A.B. asks: 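Sharing a structure below in structure tokens format, with a few things to ask.
Note that the structure is predicted; figures quoted are calculated from it, not measured. All values below were derived from every heavy atom in this structure, side-chain atoms included, with hydrogens, water molecules and symmetry-related copies excluded. Proteins come first, then strands; the chains are lettered A, B, ... in the order of their sequence lines, and each starts at number 1.
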Amino acid sequence: MVYENPEGIRIGLEIHIQLNKLKTKMFCGCSTDYHNAAPNTHTCPVCLGLPGALPVLNKKAVEAAIKVGLALEGEIAEETQFHRKNYFYPDLPKGFQITQYDFPIVSKGKVVIEGEDGEHTVGITRAHMEEDPGKLVHIGSIGKSKGVLIDYNRSGMPLIETVTEPDMRSPKEARRFLDKFRNILEYLDVFDGNLEGAMRVDANVSVHWGTRVEVKNISSHKGVERALLYEIMRQKNVIRRGGKVSQETRHFDEGRGVTLSMRTKEEAEDYRYFREPDLMPMRVTDWISAIKETLPELPDAKRARFMEQYGITDMHARSLTSKIMLADFYEGVSAKGADPKFAATWTADVFLGELNYRDLAISSYDGERIGFIHAKDPRIKNSFKVSDMVELINLFAEGKISDRAAVEVIRTMLDTTEEKTPSRIIEEKGLFKAEDDLVTKAVAEAIAENEAAVQDYLGGTEKSLNFLVGQVMKKTKGTADAKTARELIVKELKG
Amino acid sequence: MITKEDVEHIGWLARIDISEQETVEYMEKLNSVLGYFGQLDELQTEDVAPTYHVAEIYNVFRDDMVKDCLPQEVVLANTEHKQDGTFRVPKIG
């Protein structure tokens with residue numbers, strides 16, 4: 001099957017990510033660990049843009065950029081350097097941003113995603129290094145702003161801006177691209193996507209192969225799909241009414257889920273790029289082979305290995321490798337004696353499903369336990385031990401608990417920070433699987449007490465069987481295995 | 001050639017108010033400077049790589065080591081426009 005792209009949609013992305021795993025900023029020794037700090041406590045003359053301050057490039061930032069470039073299968077420039085991009089805005093105290101212009105460190109890469117019609121390649125035009133500006137907080141709403149408060153803690157944070165080709169053909173593909181991109185960065189250990197402001201996205205989108213509109217200010221990888229769905233609908237409506245889509249920049253209002261036209265300045269943008277005289281050019285191609293050797297196994301390779309080594313399905317392998325910490329947790333659980341296929345089901349389907357349901361994002365893994373934080377309230381934290389998962393899977397595999405009971409245990413453990421082993425929870429809640437004669441007794445009772453349902457079932461109403469199974473589950477407080485109960489009822493009634 | 005409009009545009013980019021009289025004056029001065037540099041166009045430079053730094057130095061880096069930052073009160077010492085540890089500036093329009 002080939003995806004025809006009937007509406008002629010083209011989407012390209014510009015993604016800014018902070019190299020927030022580095023200890024210091026791009027051009028100075030200020031700490032990158034500012035997220036819970038008071039304003040303007042992580043600054044120095046360099047990142048405050050004071051006259052005479054001299055920027056010196058963080059070597060680790062260049063190494064990280066090369067890592068990213070290699071993981072994106074891009075070319076690393078033989079010679080690369082920085083430029084000044086000049087404009088006045090208070091988030092940028094120097095009056096210019098140090099960025100790269102015509103010699104970006106990375107060009108011509110690609111990322112393969114799960115597209116509308118199977119594997120789909122998204123081209124990477126370029127990736128370059130630059131510094132983050134400070135953070136502005138408007139007093140009152142933006143429209144009726146009474147003033148602006150500036151915190152320069154973020155100023156000078158090392159960023160990589162990645163520009164894709166307009167190769168995505170639906171908002172879903174754009175989201176999948178970002179998920180995969182974020183995943184790769186986390187595998188490389190250069191990026192923590194859970195920190196506020198870690199990833200910011202601008203998108204350009206057109207319909208019917210027409211005029212391109214840029215949508216700015218998409219602050220989360222989840223917001224991308226919503227922003228694009230809205231913008232595509234808007235452009236289609238303009239065309240349907242006989243209008244023309246105008247080339248413009250729009251602003252995504254995350255709260256309302258709409259894109260709004262930004263007031264266009266009379267003057268065209270004029271950044272007067274010129275080479276940054278305070279920073280010397282770089283020749284770093286001789287680093288490449290050494291850095292290549294430090295590259296970890298990347299998501300696609302890990303997925304293939306999981307299928308091969310553990311005999312699990314492509315879907316499970318894809319899901320487990322969608323987060324490096326989840327993949328490591330799964331391997332920990334399998335290594336400590338749980339059946340790898342059961343471990344895949346319980347980790348990828350149940351455990352991950354329950355995390356998503358609770359809006360919990362995986363944030364750490366230390367070999368012993370996997371940690372997570374609430375996506376909207378980082379104060380809510382919890383963790384899950386490898387040994388507990390192993391114990392739970394083994395109890396299930398040995399037939400000592402039903403699958404319903406196992407799910408119940410996972411839920412209980414996610415909903416409390418108390419340290420209790422699965423066995424203890426199973427005991428306290430009476431979840432051990434009912435003895436077979438107890439189930440048999442419950443089946444007999446359910447049949448005797450529900451004459452009408454029995455007749456309906458025998459008359460051909462399949463739904464009534466579910467009702468009877470439900471009665472058995474109720475009588476055994478959910479400890480019976482539903483499949484066994486069903487089989488017993490059928491056997492009893494139909495012989 | 002630099003025109004009057006160019007000078008006005010450059011003035012706007014630099015957020016400098018330039019009077020009508022100054023615009024003409026700067027236009028003449030800038031054209032004179034450019035004309036002087038224009039003499040370089042007479043040289044044959046096709047086979048010469050552009051020079052951006054006079055010193056042939058490459059790869060100046062520092063290690064990823066945290067240094068002390070400035071205390072907040074020092075950062076804010078030179079402004080009267082502050083609020084809750086931040087710089088306060090007029091709204092941006």
A.B. asks: Quick test of your reading of the model: are A:D132 and A:R154 salt-bridged, counting only N-O distances below 4.0 Å?
C.D. replies: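 Yes, A:D132 and A:R154 are salt-bridged.
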A.B. asks: Please rank A:M282, A:K60, A:R275 by heavy-atom pairs under 4.5 Å with chain B and give me the top one.
C.D. replies: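 Answer, by heavy-atom pair count under 4.5 Å with chain B: A:R275.
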A.B. asks: Check whether A:L48 gets within reach of chain B through its side chain, its backbone, both or neither, counting any heavy atom under 4.5 Å.
C.D. replies: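 For A:L48, side-chain heavy atoms alone lie under 4.5 Å from chain B.
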A.B. asks: Report which part of A:L136 has an atom under 4.5 Å of a heavy atom belonging to chain B: side chain, backbone, both, or neither.
C.D. replies: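 Interface part for A:L136: side chain.
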A.B. asks: With the threshold set at 4.0 Å, does a side-chain nitrogen-carboxylate oxygen contact exist between A:R250 and A:E248?
C.D. replies: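 A salt bridge links A:R250 with A:E248.
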A.B. asks: What part of A:Y87 is in contact with chain B, defined as an atom under 4.5 angstrom from a non-hydrogen atom: side chain, backbone, both or neither?
C.D. replies: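 Contact with chain B is absent: no heavy atom of A:Y87 under 4.5 Å.
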A.B. asks: Are the charged groups of B:R88 and B:E80 less than 4.0 angstrom apart, N to O?
C.D. replies: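 Answer for the salt bridge query: no.
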A.B. asks: Below 4.0 angstrom, N of the basic side chain to O of the carboxylate: do A:E276 and A:K85 qualify?
C.D. replies: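 No.
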A.B. asks: Report the relative orientation of the aromatic rings in A:Y273 and A:Y271; use parallel for angles under 30°, tilted for 30 to 60°, perpendicular for over 60°.
C.D. replies: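 Rings of A:Y273 and A:Y271: perpendicular, over 60°.
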A.B. asks: Out of A:N58, A:V284, A:V56, return the one with the most heavy atom pairs under 4.5 angstrom to chain B.
C.D. replies: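 Among A:N58, A:V284, A:V56, the one with the most close pairs to chain B is A:N58.
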A.B. asks: At a heavy-atom separation under 4.5 Å, does A:V137 approach chain B through its side chain, its backbone, both, or neither?
C.D. replies: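 For A:V137, there is no contact with chain B at all, as no heavy atom is under 4.5 Å.
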A.B. asks: Select one option (side chain, backbone, both, neither) describing which atoms of A:E63 are under 4.5 Å from chain B's heavy atoms.
C.D. replies: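 It is neither, since no heavy atom gets under 4.5 Å.
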A.B. asks: Tell me which one of B:M27, B:E28, B:K29 satisfies side-chain contact (heavy atoms from CB on, under 4.5 Å) with B:N31.
C.D. replies: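 Answer after filtering B:M27, B:E28, B:K29: B:M27.
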A.B. asks: Hey, could you give me the CZ/CG distance between A:F27 and A:D278, rounded to the nearest 0.5 Å?
C.D. replies: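 Answer rounded to 0.5 Å: 10.0 Å.
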A.B. asks: Does A:K21 come within less than 4.0 Å of B:D64, counting only side-chain N to carboxylate O?
C.D. replies: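 Looking at A:K21 and B:D64, the cut-off is not met.
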A.B. asks: Check each atom of A:C28 against the heavy atoms of chain B and say whether the ones under 4.5 Å are side chain, backbone, both or neither.
C.D. replies: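 For A:C28, the contact with chain B is made by the backbone alone.
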A.B. asks: Less than 4.5 Å to any heavy atom of chain B: does that hold for the side chain of A:R283, its backbone, both, or neither?
C.D. replies: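 Contact with chain B involves both backbone and side-chain atoms of A:R283.
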A.B. asks: Sort B:D84 into side chain, backbone, both or neither according to what part of it lies under 4.5 angstrom from a heavy atom of chain A.
C.D. replies: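 For B:D84, backbone heavy atoms alone lie under 4.5 Å from chain A.
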A.B. asks: So for A:P90, is it side chain, backbone, both, or neither that comes closer than 4.5 Å to the heavy atoms of chain B?
C.D. replies: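 Side chain of A:P90 only, per the 4.5 Å heavy-atom cut-off to chain B.
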